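To keep things clear, I will list the structure first and then write my remarks on it.
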Amino acid sequence: MKTRLVQDGIFTLIEDVTHAMEAPEHGFYWIDADTEDLEILQPLFHLHELAVEDCLTEEEQRPKIELYDSNYFIVINSIRFDDEEIFLRALNIFLGKHYIITVTRQKINELRALKPILWEEEVAAPDRFLYHLMDLVVDNYTSVGDRIEVKIEKLEEDILMHTKKSHLNEIIGLRSEILWLKKVLVPQKEVISTLNKKELRLISEPLKKYFGDIYENAVKISETFDTFRDLMGNLREAYQSSLANRANEIMRVFTALTTIFMPLTFITGIYGMNFEYIPGIHWEYGGLAAVIFMFFVGISMLVLFRKKDWL
């Protein structure tokens with residue numbers, strides 16, 4: 001657990017977390033905690049037991065905002081896209097009048113990226129901290145959306161050029177991830193909408209417009225994922241169509257080869273009969289002549305099929 005006094009974007013490390021119980025003359029306290037630290041923080045800042053229970057549960061948390069007398073409890077999901085896999089990590093936030101507590105189980109990239117922004121913007125209020133944090137979270141969804149779009153385009157190109165059975169698994173897996181993210185985005189939008197529209201005493205009135213901007217971005221991202229879902233349906237149709245075309249191509253080749261060998265089989269069948277009087281049967285070069293004739297017939301039919309664009 002780290003406790004920092006934030007004054008105009010300047011951080012001062014505080015050794016004793018109990019100092020954060022009283023409001024500073026200027027700025028606010030940021031307490032970056034793990035779930036194990038809640039045992040200490042709960043009685044100090046009067047954190048509601050249900051909110052603490054939500055932080056401690058290992059089940060996936062739905063984004064939400066709960067309003068209590070002394071603070072607000074907010075759950076949002078940070079997103080990561082590593083090694084072609086998408087991960088969601090819960091970010092639990094307790095927003096007070098002079099403090100903000102962030103509780104996480106894993107490292108959250110947005111918290112590390114937030115520090116230079118706080119310094120540049122000279123942030124001195126916890127609600128401004130919350131705004132910049134949520135702005136980073138939503139921006140990361142945009143970045144992940146861009147990477148998903150690139151992946152869809154590459155998958156589409158691969159399917160059109162060289163269709164493989166593994167492509168179906170990729171389509172199903174990617175579609176499942178898109179639907180999963182879409183499911184997460186809906187309640188996350190509701191949280192941002194609450195911060196934008198509802199009368200909240202811990203959110204300053206001028207700041208609500210900024211949360212409105214984040215909400216618009218969240219809506220755009222949600223619509224983008226709707227488009228991705230439709231594209232995955234089109235990809236599946238393209239995959240099935242490509243497989244059907246490939247099967248037709250194979251059948252056309254086999255049919256052509258079978259047709260070419262039909263007259264050759266007929267000729268060899270005649271010369272394979274046990275009759276004594278067959279033209280050329282006693283000729284010294286009869287066998288060679290028959291082979292050359294069959295070769296000529298096969299090549300002629302192959303050229304004809306190529307000319308007709310049957311092969």
Side-chain angles (χ1 to χ4, degrees), residues 6 9 30 32 54-55 60-67 72-82 85-95 100-121 123 125-152 174 177-198 200 202-229 231:
V6 185
W30 171 25
D32 189 12
D54 286 341
C55 293
E60 184 178 317
Q61 287 295 307
R62 186 178 186 270
K64 62 182 179 178
I65 178 170
E66 296 177 352
L67 310 180
Y72 301 159
F73 176 59
I74 303 169
V75 179
I76 55 177
N77 285 317
S78 168
I79 191 170
R80 291 187 63 181
F81 197 178
D82 295 334
E85 291 187 38
I86 298 175
F87 300 93
L88 291 180
R89 294 179 173 177
L91 177 55
N92 305 293
I93 304 168
F94 292 92
L95 176 67
I100 188 165
I101 303 173
T102 55
V103 183
T104 59
R105 288 183 176 274
Q106 304 96 358
K107 291 182 179 180
I108 304 294
N109 290 338
E110 288 87 346
L111 291 177
R112 288 185 291 180
L114 184 62
K115 295 178 183 178
I117 296 176
L118 297 179
W119 179 81
E120 183 179 350
E121 297 293 331
V123 173
D127 56 349
R128 294 281 297 182
F129 178 103
L130 177 64
Y131 159 71
H132 289 294
L133 178 57
M134 298 198 73
D135 189 37
L136 282 176
V137 170
V138 173
D139 283 346
N140 272 349
Y141 275 86
T142 303
S143 300
V144 170
D146 292 339
R147 294 181 63 181
I148 290 176
E149 184 176 6
V150 172
K151 189 172 182 179
I152 291 175
L174 189 55
E177 289 182 337
I178 290 171
L179 293 176
W180 176 47
L181 291 176
K182 174 66 179 175
K183 184 179 178 181
V184 171
L185 280 170
V186 172
Q188 197 133 299
K189 285 192 305 179
E190 294 175 359
V191 172
I192 301 171
S193 177
T194 301
L195 294 170
N196 169 228
K197 298 177 181 179
K198 193 170 182 178
L200 303 173
L202 296 181
I203 304 295
S204 62
E205 192 64 32
L207 197 60
K208 290 184 177 181
K209 296 180 180 179
Y210 292 91
F211 280 109
D213 183 64
I214 298 178
Y215 177 75
E216 289 179 3
N217 292 335
V219 170
K220 291 178 183 177
I221 296 168
S222 181
E223 292 173 350
T224 299
F225 278 95
D226 283 335
T227 303
F228 289 162
R229 181 185 58 187
L231 287 176

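Note that the numbering runs from 1 along the sequence shown for the chain. The structure presented is a predicted model; accordingly, all values stated were derived computationally and were not measured.
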Count the heavy atoms belonging to other residues, nucleotides or ligands that lie under 6.0 Å from CZ of Phe225, then report whether that count exceeds 12. yes
Among residues at least two apart in sequence or on other chains, which ones pass side chain to side chain contact (heavy atoms under 4.5 Å, CB included) with Gln106? Arg89
OH on Tyr131 to NZ on Lys208, rounded to 0.5 Å: 16.0 Å
Which heavy atom in Val191 sits nearest to a heavy atom in Pro63, and how many Å separate them? CG2-C, 3.8 Å
Holding to side chain to side chain contact (heavy atoms under 4.5 Å, CB included), I want the full list of residues that pass it with Thr224, two or more places apart in sequence or in another chain. Phe228
Which donor-acceptor pairs under 3.5 Å do the side chains of residues 179-190 make with protein atoms, sequence neighbours left out?
unit_1 : atom_1 : unit_2 : atom_2 : d
Lys182 : NZ     : Ser222 : OG     : 2.4
Lys182 : NZ     : Asp226 : OD1    : 3.2
Lys182 : NZ     : Asp226 : OD2    : 3.2
Gln188 : OE1    : Asn77  : N      : 2.9
Gln188 : NE2    : Asn77  : O      : 3.4

My understanding is that only residues two or more places apart in sequence, or in another chain, count here; which of them pass side chain to side chain contact (heavy atoms under 4.5 Å, CB included) with Val6? Phe11, Phe28, Trp30
Set of salt bridge (Lys or Arg N to Asp or Glu O under 4.0 Å) partners for Asp54, sequence neighbours left out: Lys64
Report the C-alpha distance between Ile203 and Leu130 in whole Å, list the side-chain angles of each, state the deciding distance to 0.1 Å, and finish with yes or no for side chain to side chain contact (heavy atoms under 4.5 Å, CB included). CA-CA 9 Å; Ile203 304 295; Leu130 177 64; 4.2 Å; yes
Could you measure the distance from the CD1 atom of Ile214 to the CG atom of Asn196? Nearest 0.5 Å is fine. 9.5 Å
Working to the nearest 0.5 Å, report the span between CD1 of Ile148 and CD1 of Ile86. 4.0 Å
Residues Lys198, Ile65; criterion side chain to side chain contact (heavy atoms under 4.5 Å, CB included); working and verdict: CA-CA 12 Å; Lys198 193 170 182 178; Ile65 178 170; over 6 Å; no
State the CD1-CG distance between Ile117 and Leu136, to the nearest 0.5 angstrom. 4.0 Å
Looking at CG of Leu95 and CD1 of Ile100, how far apart are the two atoms once the value is rounded to the nearest 0.5 Å? 5.0 Å
Can you spot which of Val137, Asp139, Leu133 makes a side chain to side chain contact (heavy atoms under 4.5 Å, CB included) with Asp135? Asp139
Smallest separation among heavy atoms of Glu110 and Ser78, with atom names: OE1-OG, 2.8 Å
Using atom types as modelled and distance alone, determine if a side-chain donor or acceptor of Asn92 lies under 3.5 Å from a backbone N or O of Val75. no
Working to the nearest 0.5 Å, report the span between CG of Leu111 and OG1 of Thr102. 5.0 Å
Minimum-distance pair of heavy atoms, taken over all atoms of Asp127 and Phe211: O-CZ, 4.2 Å
Contacts of Thr142 meeting side chain to side chain contact (heavy atoms under 4.5 Å, CB included) (sequence neighbours excluded), chain-then-number -> Asp146, Ile221
Shortest non-hydrogen contact from Arg229 toward Ile178: N-CG2, 4.1 Å
